[in-house]
Peer 1: 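Have a look at this one.
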Amino acid sequence: MSMKYERIKNFINGEFTTIESARVFTITSPSDGTCLTELPCSTDAELEDAVKAAKNAFALWSKTPIKERVQVFFRYKFLLEKHLQELAALGSEENGKTLSESIAEIEKCIELTEFACSLPQLVSGETLEVSTGIECRTERVPLGVVASIVPFNFPTMVPNWTIPNAIALGNCMILKPSEKVPLSMGRIAILLKEAGLPDGVLNIVHGDAEIVNAICDHPGIEAVTFVGSTTTAKAVYRRATKNLKRCLALGGAKNHLLVLPDAAPDMTAMNITASMSGCAGQRCMAASAMVGVGSVDHIIDKICMEVRKLVAGKNLGAVINKASRERIEHYITEAELQGAKILVDGRNVVVPGKENGTYVGPTVIDYVTPDMSVAKEEIFGPVLSIIRTGTIDEALAIENASPYGNAASVFTQSGGAARHVIEKASAGMIGVNVGVPVPREPFSFGGWNESRFGVGDITGKSSIEFWTKLKKSTIKWNPESGVNWMS
Ligand code: NAD
C-alpha cells in the first residue's frame, strides 16, 4: 500500500532512529481513509536508548539556568506561530478534526508555551532569617528523566501540557505519543531542535500499551504523567506508583451541563452545541449530558436547530476510527431501544467523496434516564444526552452520582443558582454559561474523582510542584555568634 509519509521513527538524542519491531500499525486518516504511514512499536532496547540519552542530557540541561532554558521556548513559540497552518493541517489529517479546530489546538500550544516562558518569574525560592545569623532557604530542583504519555484526541496540545513546563523546569523527557496519531510530534521535535533544544532533552518513543508498561517499570524514569481513558489511567497510576514513581494520571469524563429555564436561549444553544460537537465530541471537556431543570423545551428546540447546522465532513470532523464509530452508533441505538427519543440522528452518515472517512453525524437524544448507558458512560462522539429533572438539586444529584469529575457547567441568568452549582458540583472545572470550561493559563487544568489520579493539576502553577522537588537549606556564616538554637 502506498503511504503519504515515511514510516514513523523514534526521536532519540536529537535524531530520528529506525524502530526495529515486527509489530506494526497502519495509520489512516479518519477524514477519508488515506493511508498516511506505518507505526512500528518500540522495543525495550529502544526505550533504554532514549532513557540513556535523556540521562546524559540531564547533566548539563539541569545545570543551565532557567532564564537560559526558557529562551528555547521563546523561540519555539515563534516557530509554532510561523508553522501554525502546516501543523494544524497535519493534526487535522491524522486526527480527523476540522482545520479550524486544529488551528485552535496549535493556538493553545502557543499559550501553554507562553506560560512556560514565564516560569522564571514563578519559581524563585524563599529565604528567611530563622534565628540570629541563620537563614533557611528553598529552591526548586528538577526531577531527572520524566515521561509523558498522551492520548489521540489532541495530537499536539496534550503533549504541550507537559513538554514546555517539564523541560523549562530542567527535566529531560521521554514522550510517548498516541499510536493513533504519531505524526504531529515528529514535527514538534524538529521545531524544538530548531529552537535550540539540546539533543537528548526531549526523546520520542512510539508504541502502545507494551511500551507504556516498560516506561512505568523503568528504574531510570522518575515521574510519569498520563492522559487518556480512566481504565488506562488507573492501570498506569497503579503501575508507576508501585514502582515508586511520582505519577499524575488524567482519565476520561462525563460532563454535565445543567440548563435552567432562565438561561439565555440563543447563547445556551450555541454553547452547548459547540461543546457536544467540537472535535466530533472527542474532548474530555465535551458536553455529553445535558440536565434540563424544569421547562426548557424552548432551549432544546434551539439546540436542535443549531445542531442541524452541523454537516459531517464540513464543519463537523470525523471520529478517530471505525471501531469508535460503531461504538458511538451502538450507544445511540441502545438508548433508542430503551425508550429515549432521538431528536437528531447522526447514525449511518456517509460523506460524499469521503466514503472511507469515519463520521458520525451530530445526535441529540431526549428523555434519557439516569440509568441508561448514554447518561452514565463516556461516549466520545458528537452525541448529547438530555435528562429531564424538576429541581436543581435533582440535577446536582445526577451530576454528583457520576464517578467522573472533569467538568460541569450551569446555564442560567441567576447568580444564586450559579453559585449553588459551583459549590455543589463534584467536578474540578466548572463553567457558568460556558460550555467548555477549560481554564486558560495561568490557571491549571485537572479534574476530580475518576477523571484524575494523583495530586495537583497538569498545567499552570500546579505543574511546578509536579515537575520539581524542593531543596531546603539552613545556612550559618557567622561562627562568632556562638551556638544558636538547633545549631
Ligand atoms: P487511551 O487510554 O486508549 O490511550 C491513551 C494512551 O495510553 C495512549 O498513548 C495509549 O498508547 C496508551 N494505552 C492504551 N491502552 C493502554 C494499556 N492497556 N496500558 C497502558 N497504556 C495504554 O485513550 P485514548 O483513546 O487515546 O484517548 C481518549 C481518552 O482520553 C478519553 O477517555 C478522554 O476523556 C481522555 N482524555 C482525558 C483528558 C483529561 O484531561 N482528563 C484529556 C484528553 C483525553
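For this chain, numbers begin at 1 and follow the sequence in order. Both counts, for ligands and for their atoms, begin at 1 and track the order of listing.
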Peer 1: So, E111 and K108, do they make that salt bridge, N to O below 4.0 Å?
Peer 2: yes
Peer 1: Residues two or more places apart in sequence or in another chain: which of them pass side-chain hydrogen bond (donor to acceptor under 3.5 Å, both in side chains) with Y237?
Peer 2: none
Peer 1: Under a plain distance cut-off of 3.5 Å, with no hydrogens placed, do N10 and S42 share a side-chain donor-acceptor pair?
Peer 2: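 Present: a donor and an acceptor within the cut-off.
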Peer 1: Less than 3.5 Å apart, N/O on ligand 1 and N/O on the protein: could you list those pairs with the distances?
Peer 2:
{"residue": "ligand 1", "atom": "2 (O)", "partner": "S229", "partner atom": "N", "Å": "2.9"}
{"residue": "ligand 1", "atom": "2 (O)", "partner": "S229", "partner atom": "OG", "Å": "2.7"}
{"residue": "ligand 1", "atom": "2 (O)", "partner": "T232", "partner atom": "OG1", "Å": "2.9"}
{"residue": "ligand 1", "atom": "9 (O)", "partner": "V150", "partner atom": "O", "Å": "2.8"}
{"residue": "ligand 1", "atom": "9 (O)", "partner": "K176", "partner atom": "NZ", "Å": "2.9"}
{"residue": "ligand 1", "atom": "11 (O)", "partner": "K176", "partner atom": "NZ", "Å": "2.7"}
{"residue": "ligand 1", "atom": "11 (O)", "partner": "E179", "partner atom": "OE1", "Å": "2.6"}
{"residue": "ligand 1", "atom": "23 (O)", "partner": "S229", "partner atom": "N", "Å": "3.4"}
{"residue": "ligand 1", "atom": "26 (O)", "partner": "F152", "partner atom": "N", "Å": "3.1"}
{"residue": "ligand 1", "atom": "30 (O)", "partner": "G228", "partner atom": "O", "Å": "3.2"}
{"residue": "ligand 1", "atom": "32 (O)", "partner": "E378", "partner atom": "OE1", "Å": "2.6"}
{"residue": "ligand 1", "atom": "34 (O)", "partner": "E378", "partner atom": "OE2", "Å": "2.6"}
{"residue": "ligand 1", "atom": "41 (N)", "partner": "G251", "partner atom": "O", "Å": "2.7"}

Peer 1: Report all side-chain donor-acceptor pairs from residues 175-184 shorter than 3.5 Å, counting only partners two or more places apart or in another chain.
Peer 2:
{"residue": "K176", "atom": "NZ", "partner": "G207", "partner atom": "O", "Å": "2.7"}
{"residue": "S178", "atom": "OG", "partner": "K180", "partner atom": "N", "Å": "3.0"}
{"residue": "S184", "atom": "OG", "partner": "E94", "partner atom": "OE2", "Å": "2.6"}

Peer 1: With a 3.5 Å cut-off and no angle check, do the side chains of Y404 and E378 form a donor-acceptor pair?
Peer 2: no
Peer 1: Taking only residues at least two apart or on different chains, which pairs with a member in residues 198-232 satisfy ring-ring contact (aromatic ring centres under 6.0 Å, His included)?
Peer 2: none
